[in-house]
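Worksheet: one structure, shown below.
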Amino acid sequence: MTEAAGPRVYPARKRVVHSNPARDLAADLNPQQAAAATHGDGPLLIIAGAGTGKTRTLVYRVAHLLDCGVRPERILLLTFTRRASQEMLSRAERLVGSTSRKVHGGTFHATAHRLLRRYGLAAGLAKDFTIMDQGDSADLMRLSRSQLGYATRSKRFPKKETLQYVYSRHINTGITIEDIVRDEYAQFVDYLEDFGKVFADYTDRKQQRNLVDYDDLLLFWALMLEASPELAAKISGMYDHLLVDEYQDTNVLQARILRGMCRTHANITVVGDDAQSIYSFRGANFRNILGFPKQFAGATIVTLEQNYRSTPQILEVTNTMISRATERFTKNLWTERAGGETPWLVAAQDEHQQTRFVVDRILELHEESIPLSEIAVLFRAGYMSADLEIELTNRKIPFEKWGGLKFLEAAHVKDVLAFLRILENPRDEVSWYRILLLLPGIGDATARSAIEAMASAAWESAAFGRYQPPPRARAAHTALVALLDGLRDDPNADQAKVTADIARVRTLYDSILRERYDRAEPRLSDLDQLQTIAAGYPDRAAFLSALALEPPQATQDLAGASRDDDDCLILSTAHSAKGKEWDAVFVIWAVDGWFPSARCLDNDEDTDEERRLMYVAMTRARNYLSVTYPLNAYSTRRGANYSIDQLSRFIDRGVRDRMERVALGSEQAVRPVEAPAVSPLLDLRALLRGKFG
Ligand code: ATP
Ligand code: MG
């Protein structure tokens, strides 16, 4: 029976903002972590070792702020990769629901890009600027270098990569060019003035061509905050809370940005571990994190020493290893976990035996029901996994590789992107030059004169069509003009536009590729992949910016498909493994000259950084850790200094004593050997084996 219809009155819904009954903070966090997560306003620094829950605390802090009624879009979460911020925000979502999706998360560079797109015009940047990656910047440096006549000097002038490095270091660290050159490139001190000239020309070129490099992204963000009160008010006014993970890998320019963002409030939380600072080549300095309390007066400092990640045996090894660092703030870690296996130190006869050991052991662990995705193999540099990749492929074990990925650096991919870039920005000289040199009949002189002709016509889009090429370049010129006209006029501006653009470019380019490069097939399939990725972007500009800013980290990112249901092993450089954890970790090539890299043994600072990198690698392990080293390597792949392989200097006696020594015999049985009662100073047998391997 229905009641007489009348107006219904709904009582006002109560808004619960301060507590979330579904969550018991005290159960999920220890008291120090909970204090940090629920910290009120004002600067907060969490400085603590690996696996102590820094990232977890940051996730809970985001959830706490949302609980307290802070609007999600007023929170900025800065992380080292886009993947990291996505992961953190989806964890926050499990705690507080979908509002966390509106939190602004990403890298410093991506955030800078977003702000420049929005405020760039007001800051004097022309619109539709193109972002250059590091390779592009070096290419533009080369143009400046040769335009100024340095390419033909009899005395060696710095290479484009050196110029780009010095420039970038100067911008990111604020160290003067003079000091950088004196410290790191003493052989070029005579050229000090010339560095300045090249950089001035490079800066002009960027402006004329409407290009923005990586360093500009950060620098412009900092300058907008420092040089214009109006812009500073607008930009810093966008956020009420800033949170930064992996703060040990930020540089002074990023610290300047954070200071600028905190003009009206000091709600900034940063977390990091000085012992894991591994990006000094990008201008990061582990001492920055120690300087935080000076930069943000009244900062609360939280330290954490309980490790939740690893077994006590793994902690013993990693604590011992990092205790050798010359300078370190964070303390040794302890755990409540009990039980566990002693980490293995495995000597293999050669690379192939190392590979077979790793694969066999992975399969063993997999048999013990550890999913492949919970196992990682880590190494110092991308090329070190080549043999392993072949073996995994042969044995049909699926894997994904992180870091050291050369897809976007591959010449053929850059070639295709160059076409899209000149459409997007007709003044992109670097891309023009690249394309012109690809074409039959066009050499350096013709390319330059074509570019000059376009420049003097103010890069107007029809200028290239009017250019009169020498006879042997005519056919190529006509073909390119036709292609560009077709692309410009392309009326189907639908979702698949970028993919269609690439397909069109390939009607000209694929045959060039076959002519110019060997092994055409895998390269062509790279381009197929590029087309697939492009389908995910609404337009050319978005696609190009995304590729420059967030270069795909893994092959799987490239395919665009999610491999969630595929269980696959992770291969990663130590750098790209930062912040992650796995049940089982293998660190391969623990050989002096490889890890530490031979290039980093000249001075103590670099060696210390390599040690921190080894620490990052080993502290990724929850339950199983194996460090392996081949006793012989083929000399073609090594520096001449290293004829016999020596175990990495970081696995010194104290560290070795805490590991289970495993020697793989010629029959490749995996068997622990009894450690000698006294650890030897020298392993004579290993040295001898190495001689005749
Ligand atoms: P890294 O320095 O390597 O980045 P981290 O300090 O950020 O490490 P997390 O990754 O946040 O550490 O945490 C390491 C592991 O310990 C994670 O699996 C996390 O869930 C777990 N953990 C952290 N704190 C706690 C806790 N209080 N209770 C249970 N598990 C915890
Ligand atoms: Mg972390």
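In listed order, ligands and their atoms are each counted from 1. Bear in mind that the values here come from a model prediction, so they are computed numbers and not experimental data. Position 1 is the first residue of the sequence; numbering continues from there.
- Residue contacts with ligand 1: G272 is excluded, as none of its non-hydrogen atoms falls under 4.0 Å.
- Each of the following atoms of ligand 1 lies closer than 4.0 Å to a heavy atom of L29: 27 (N).
- Heavy atoms of A48 stay at 4.0 angstrom or farther from ligand 1.
- The residue from R620, E581, Q276 that puts a heavy atom closest to atom 3 (O) of ligand 1 is R620.
- Checked against ring-ring contact (aromatic ring centres under 6.0 Å, His included), F329 has no partners two or more places apart in sequence or in another chain.
- For D28, the heavy-atom gap to ligand 1 drops under 4.0 angstrom.
- Here the heavy atom of the protein found nearest to atom 20 (O) of ligand 1 is R56 NH1, 2.9 Å.
- Ring-centre distance between H265 and Y239: not below the 6.0 Å cut-off.
- Salt bridge status for E341 with R361: present, with a side-chain N to carboxylate O gap under 4.0 Å.
- The single protein non-hydrogen atom nearest to atom 16 (O) of ligand 1 is Y308 CB, 3.2 Å, given as residue, atom name and distance.
- The number of protein N, O or S atoms lying under 2.8 Å from the Mg ion (ligand 2) is 1.
- Atoms of ligand 1 found under 4.0 Å from any heavy atom of G579 (numbered from 1 in listed order, with element): 4 (O).
- Residue N30 approaches ligand 1 through these ligand atoms, each under 4.0 Å from one of its heavy atoms: 27 (N).
- Geometrically, ligand 1 and D273 share no nitrogen or oxygen pair separated by less than 3.5 Å.
- Sparse packing is recorded around CD of E605, with 12 or fewer heavy atoms of other residues, nucleotides or ligands lying under 6.0 Å away.
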